[in-house]
*Asks:* 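One structure, pasted below without further comment.
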Protein chains: 2
Amino acid sequence: MFLQIEPYSDIPIYTQISQQIIEGIANKDIIPGDSLPSVRSLAADLGVNMHTVNKSYHELEKKGLITIIPKIGAVVNVTREEGGVKGEQLDHMEKMLRPVVAEGIVYGLGLSEFELLIKRLMKTLQ
Amino acid sequence: MFLQIEPYSDIPIYTQISQQIIEGIANKDIIPGDSLPSVRSLAADLGVNMHTVNKSYHELEKKGLITIIPKIGAVVNVTREEGGVKGEQLDHMEKMLRPVVAEGIVYGLGLSEFELLIKRLMKTLQ
DNA sequence: ATTTTGTTCTACCTTTTATAGAACAATTTT
DNA sequence: AAAATTGTTCTATAAAAGGTAGAACAAAAT
């Protein structure tokens, strides 16, 4: 686990943890079937509270990315399903993208510039 | 002003106001030079506190989208500059997009699916 | 048998979000 | 000239969110 937490960021610590684990899954640093470290050990590694890590894990479980087995641990799920992306997840993506795209339009971004941004980010993250 | 506030949303009221004004600028419902309603009248319209609207306006000013002239009001700026998008704004867009793209990758989204989402949103918003 | 696991509970603190009212000086309207 | 409206600033209060802390529990792993 190579997570780096910025304590004074305006992004909550538990969100930083979630986002970096998601990036780890995106770039296959973490693959389906892998176990995440225990909330206690990761908390100790990061110098944060156990409950903060626990909150992040439950956020990831809510998104369907991991499964928390009580008294055992957290396991990364298979999320790249065969039959394509779930409609539920597409709706979620659209909800997250909408305010970002609106702001981009106001800045004068065109479709090609959006596509370039996405392409660059996919190359960076994948 | 056709703003609709959901008081019990997990999105702060002042953020809802900012986002909907940004959408108004994106779809040219509001154009550069237009004055925004006074913080008092908009607050009365929406049934929220004056200070909540004030916070939203200052957030929009921080993004460079409006100019607040003390004792006068708030005016929408020209944001689609001639010389293309500012690098500062592209950095900001990338920061906002990064966690969204990462999550999309984990869901199995490919470039073409991202592009379709963006295209659809641009059509809806513009 | 011991350690480690996630869970649950109480407790405390800071920051954020939101509301409320008052006062001010400047501007606009009447 | 008088009245109303403007954004700003100040104090105050309250709820929610974010974060830490410690303890206890039963189940699982060592």
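Each chain gets a letter, A, B and so on, in the order the sequences are listed, and its residues count up from 1.
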*Asks:* Taking B:Glu113 for the side chain and B:Gly110 for the main chain, is one N or O donor matched with an acceptor at less than 3.5 Å?
*Replies:*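 Indeed, once roles are kept as given, a pair shorter than 3.5 Å links the two residues.
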*Asks:* Atom CD of B:Glu115 and atom CZ of B:Arg120: how far apart are they, to the nearest 0.5 Å?
*Replies:*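 B:Glu115 atom CD to B:Arg120 atom CZ measures 13.5 Å (nearest 0.5 Å).
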*Asks:* Do any N or O atoms from the side chain of A:Asn77 and from the backbone of A:Ile66 form a donor-acceptor pair under 3.5 angstrom?
*Replies:*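 Yes; at least one donor-acceptor contact below 3.5 Å.
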*Asks:* Roughly how far, to the nearest 0.5 Å, is the CG atom of A:Leu97 from the CZ atom of A:Phe114?
*Replies:*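 It comes to 9.0 Å.
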*Asks:* Atom CD of B:Glu6 and atom P of C:dA18: how far apart are they, to the nearest Å?
*Replies:*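 Answer to the nearest Å: 13 Å.
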*Asks:* How long is the gap from CD on A:Glu103 to NZ on B:Lys63, to the nearest 0.5 Å?
*Replies:*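 NZ of B:Lys63 is found 3.5 Å from CD of A:Glu103.
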*Asks:* Atom pairs under 3.5 Å, N or O on each side, protein against nucleotides 14-17 of chain C: can you list them with distances?
*Replies:*
| from | atom 1 | to | atom 2 | distance (Å) |
| --- | --- | --- | --- | --- |
| C:dT17 | OP1 | B:Tyr14 | OH | 3.1 |
| C:dT17 | OP2 | B:Tyr14 | OH | 3.3 |
| C:dT17 | OP2 | B:Lys55 | NZ | 3.0 |

*Asks:* Round to a whole Å and report the spacing from CD1 of A:Ile5 to P of D:dG18.
*Replies:*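 Atom-to-atom, A:Ile5 to D:dG18, this comes out as 15 Å.
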*Asks:* Any side-chain N or O of A:Ser41 less than 4.0 Å from the OP1 or OP2 oxygen of C:dT4?
*Replies:*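 No, outside the criterion.
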*Asks:* Please list each protein N or O that sits under 3.5 Å from an N or O in nucleotides 21-27 of chain C, with the distance.
*Replies:*
| from | atom 1 | to | atom 2 | distance (Å) |
| --- | --- | --- | --- | --- |
| C:dG21 | O6 | B:His51 | NE2 | 2.7 |
| C:dA23 | N6 | B:Arg40 | NH2 | 3.4 |

*Asks:* Is it the case that one hydrophobic cluster holds both B:Leu42 and B:Leu36, taking links as side-chain heavy atoms less than 4.5 Å apart, direct or via other members?
*Replies:*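 Yes.
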*Asks:* Do B:Ser18 and B:Thr15 pair up side chain to side chain, a donor and an acceptor below 3.5 Å, judged on atom types alone?
*Replies:*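 No, because no side-chain N or O of B:Ser18 sits under 3.5 Å from a partner of the opposite role on B:Thr15.
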*Asks:* CD1 of A:Ile68 versus C1' of D:dA27: gap in Å, rounded?
*Replies:*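 From A:Ile68 CD1 to D:dA27 C1': 16 Å.
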*Asks:* For DNA chain D, just give me the dot-bracket, please: Watson-Crick or G-U, both distances below 3.5 Å, ( ) intra-strand, [ ] crossing earlier pairs, | paired with another strand, . unpaired.
*Replies:* ||||||||||||||||||||||||||||||
*Asks:* Between atom OH in B:Tyr8 and atom P in D:dA15, what is the gap in whole Å?
*Replies:*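 Rounded to the whole Å, the gap is 13 Å.
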*Asks:* Starting at CD of A:Gln19, measure out to OH of A:Tyr14 and round the result to the nearest 0.5 Å.
*Replies:*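 Going from CD on A:Gln19 over to OH on A:Tyr14, the span is 10.5 Å.
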*Asks:* Can you tell me how far apart CD (B:Glu94) and OG1 (A:Thr124) are? Round to the nearest 0.5 Å.
*Replies:*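 Atom-to-atom, B:Glu94:CD and A:Thr124:OG1 are 6.5 Å apart.
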*Asks:* For B:Ile11 and D:dA17, give me the distance from atom CD1 to atom C1', rounded to whole Å.
*Replies:*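 B:Ile11 atom CD1 is separated from D:dA17 atom C1' by 16 Å.
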*Asks:* Do A:Tyr57 and A:Ile72 sit in the same hydrophobic cluster, where Ile, Leu, Val, Met, Phe, Trp and Tyr count as joined when their side-chain heavy atoms come under 4.5 Å apart?
*Replies:*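 Each belongs to a different hydrophobic cluster.
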*Asks:* Using atom CG of A:Leu60 as one end and atom C1' of C:dG6 as the other, report the distance to the nearest whole Å.
*Replies:*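 Result: 15 Å.
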*Asks:* Are B:Leu125 and B:Asn27 close enough, and set up right, to give a side-chain contact (heavy atoms from CB on, under 4.5 Å), and what steps lead you there?
*Replies:* CA-CA 6 Å; B:Leu125 292 166; B:Asn27 66 25; 5.9 Å; no
*Asks:* Whole angstrom is fine here: how far is it from CD in A:Gln16 over to C1' in D:dA17?
*Replies:*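 One finds 16 Å between C1' of D:dA17 and CD of A:Gln16, rounded.
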*Asks:* Less than 4.0 angstrom between a side-chain N/O of A:Ser38 and OP1 or OP2 of C:dT5, yes or no?
*Replies:*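 Yes, within the criterion.
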*Asks:* Think A:His58 has a side-chain N or O under 4.0 angstrom from the OP1 or OP2 of C:dT7?
*Replies:*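 Result: yes.
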*Asks:* Whole Å only: how far is the CD1 atom of A:Ile69 from the C1' atom of C:dT4?
*Replies:*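 Rounded to whole Å, this separation is 16 Å.
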*Asks:* Please evaluate residues A:Ile31 and A:Val76 with respect to the criterion side-chain contact (heavy atoms from CB on, under 4.5 Å), reporting the C-alpha separation (whole Å), side-chain torsions for both, the decisive distance (0.1 Å), and the verdict.
*Replies:* CA-CA 7 Å; A:Ile31 61 174; A:Val76 177; over 6 Å; no
*Asks:* Below 4.0 angstrom from OP1 or OP2 of D:dT8, is there any side-chain N or O of B:Asn54?
*Replies:*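 So the side-chain polar atoms of B:Asn54 do come within 4.0 Å of the phosphate oxygens OP1 or OP2 of D:dT8, strictly under.
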